[in-house]
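Structure first, commentary second.
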Amino acid sequence: MKKGIDGDWDVDMSVLMGANVANEVAKGDFAEATIGCTNAENGLKWCKLFNTSDFAVTAVNDVAGAELCGAMKNVVALGAGFSDGLGYGGNTKAAIIRIGLKEMQKFCELFYGDRDIQKETFLESCGVADLVTTCFGGRNRKCAEIYAKGVVAGAPKGWDVIEAEELNGQKLQGTGTCIDVMKAIVAKKAEADFPLFVQIHKIAFEGAKPETLIEINGAAGPSALGTPASARRQAEARPPCSVLSFLRLSVRQPERRWRRVNPGGAGAPAHGHGGTAALVLGDGSRTHGRGLARAGGRRGQEPGHQRGELSAAGAPSHEFSLLLRPSEPMLCTIP
């Protein structure tokens, strides 16, 4: 808005953003909002003007941060809608929200590092609260769910069609913002730092299947989980087995008692529930290792936590720890 003002005179601009879906505010449901302003005096004036018993307003000295949060949350909401359209549950959506919030912060740091954006802004109503409500109830989530369902059913609809059919004259913000965000990321050659944003764009505009949304886990590796760049570079230098953040173990229990193999090769009897674990590598191949019971120890008892190691050809072995239950696929992390 400020850029559109003609002449050499200046106007102090503030923004109002937050977890305040319009129809709920119109009904009088309690909601919060954040005023992004340039100084505390202006913030106080705006709070006095807007604050009511059912509309709580706070101010932050961060115009750019508040405004960017309000824009980018709509991109994350597309991912939440894809998740809903695929029938995924709360765990998946929570992961999308968390990863999305971190990518929003990272985007602000990379492209607006000179605007003094405050980390605290992301914890205000304009940040995490607006992101949560949009990913559960906003129009961008709703339309993305319809989009994903159409693709899965083999009857895809274009974004313009969905917008016209579902929004009663309102407009989608997430799709346009997604395009702009992706242009900026590509210009910086920073795709590896924004796996969720990149995958959302691929699904929305490049023909990728909605199911590929969760491939950010394998494609992005530790970076999607918040691993520092230095640790990520170290992981990338290791053999393929060690760069996986999450590994699916198919566990079976062929026997009640077995022998553990010590590093020196000597065997020692171990009571308890043993099993064989298959490690699925990134290329789809498998390697196998033996588990070692550390807890649960007696026959007939519930299996306890298991420890052991898995190794791939040409790669060092890795310890794993999991709760072993017969014939169930388990999820495990490598430290």
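Starting from 1, each residue takes its place in the sequence as its number.
Of the inter-residue distances, the one linking Ile162 atom CD1 with Cys143 atom SG reads 6.0 Å to the nearest 0.5 angstrom. Interatomic distance, CZ of Phe82 versus CD of Glu211, reported as 11.5 Å (0.5 Å rounding). Distance check: Tyr147 OH to Thr175 OG1 gives 11.0 Å after rounding to the nearest 0.5 Å. One finds the CZ atom of Arg115 at 15.0 Å from the CD atom of Glu109 (value rounded to the nearest 0.5 Å). The NZ atom of Lys45 sits 8.5 Å away from the CG atom of Asn39 when rounded to the nearest 0.5 Å. Atom-to-atom distance recorded for Met104:CE and Ile99:CD1 is 14.0 Å, nearest 0.5 angstrom.
Side-chain N/O atoms of Asn42 and Asp12 include a donor and acceptor closer than 3.5 Å. Counted by atom type alone, Trp46 and Ser14 present one or more donor-acceptor pairs between their side chains at under 3.5 Å.
Below 30°, between 30° and 60°, or above 60°: for Phe194 and Phe107 the angle between ring planes is above 60°, a perpendicular geometry.
Legend: residues meeting side chain to side chain donor-acceptor pair (under 3.5 Å) with Glu165, ordered by chain and number and at least two apart, are Lys157. With sequence neighbours left out, Thr212 forms a side chain to side chain donor-acceptor pair (under 3.5 Å) with Gln199.
Nearest heavy-atom pair across Ile203 and Pro210 is CD1-O, 3.7 Å. Across all their heavy atoms, Val75 and Gly174 have their closest contact at CG2-O, 4.1 Å. Smallest separation of non-hydrogen atoms from Ile96 and Ser83: CD1-CB, 3.6 Å. The two atoms that bring Gly36 and Ala66 nearest to each other are CA-CB, 4.1 Å, heavy atoms only. Here the closest heavy-atom approach between residue Gly43 and residue Cys37 is recorded as CA-SG, 3.5 Å. Among all heavy-atom pairs drawn from Ala77 and Asn140, the shortest one is CB-CB, 4.1 Å.
In this structure, Phe197 and Cys178 have side chains that are not in contact, with every pair of non-hydrogen atoms separated by 4.5 Å or more. With contacts defined as side-chain heavy-atom distances shorter than 4.5 Å, the pair Ile97/Phe136 qualifies. Looking only at side-chain heavy atoms (C-beta outward), Arg139 and Glu166 stay at 4.5 Å or farther from each other. Looking only at side-chain heavy atoms (C-beta outward), Lys106 and Asp193 come within less than 4.5 Å of each other. Contact of the Val152 side chain with the Leu86 side chain is registered, since non-hydrogen atoms from C-beta on lie closer than 4.5 Å. In this structure the side chain of Met13 never reaches within 4.5 angstrom of the side chain of Val63, judged on heavy atoms. Here the side chains of Lys209 and Val151 are not in contact, with every heavy-atom distance at 4.5 Å or above.
Judged by distance alone, the side chain of Glu163 and the main-chain N or O of Lys171 form no donor-acceptor pair under 3.5 Å.
Residues Val181 and Leu196 are members of one and the same hydrophobic cluster, defined by side-chain heavy-atom contacts under 4.5 angstrom among Ile, Leu, Val, Met, Phe, Trp and Tyr. Note on Phe205: it does not cluster hydrophobically with Val161, by side-chain heavy-atom contacts below 4.5 Å among ILVMFWY residues. Clustering ILVMFWY residues whenever any of their side-chain heavy atoms sit less than 4.5 angstrom apart, transitively, puts Met72 in the very cluster that holds Leu213. In the hydrophobic clustering of this structure, Ile179 groups with Leu172; members are Ile, Leu, Val, Met, Phe, Trp, Tyr whose side-chain heavy atoms approach within less than 4.5 Å, directly or through other members. Val21 and Phe30 are not part of a single hydrophobic cluster, where members link through side-chain heavy atoms under 4.5 Å apart.
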Test side-chain contact (heavy atoms from CB on, under 4.5 Å) applied to Cys69 and Met17, step by step: CA-CA 8 Å; Cys69 283; Met17 299 286 177; over 6 Å; no

Quick one: side chains of residues 121-135, donor-acceptor pairs under 3.5 Å with protein atoms, not counting sequence neighbours, listed by atom name and distance.
| unit_1 | atom_1 | unit_2 | atom_2 | d |
| --- | --- | --- | --- | --- |
| Thr121 | OG1 | Asp62 | OD2 | 2.6 |
| Thr121 | OG1 | Gln118 | O | 3.3 |
| Ser125 | OG | Ala19 | N | 3.0 |
| Ser125 | OG | Glu32 | O | 3.3 |
| Asp130 | OD1 | Lys73 | NZ | 3.2 |
| Asp130 | OD1 | Thr134 | OG1 | 3.3 |
| Asp130 | OD2 | Lys73 | NZ | 2.7 |
| Thr134 | OG1 | Asp130 | O | 2.7 |

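Heavy-atom contacts from other residues, nucleotides or ligands closer than 6.0 Å to CD of Glu41 number 12 or fewer. Within 6.0 Å of the CG atom in Asp54, the count of heavy atoms belonging to other residues, nucleotides or ligands exceeds 12. With a 6.0 Å radius and a threshold of 12 heavy atoms from other residues, nucleotides or ligands, Asn23 has its CG atom above the threshold.
A side-chain hydrogen bond (donor to acceptor under 3.5 Å, both in side chains) with Asp84 is found for exactly one of Lys149, Lys142, Lys93, namely Lys93.
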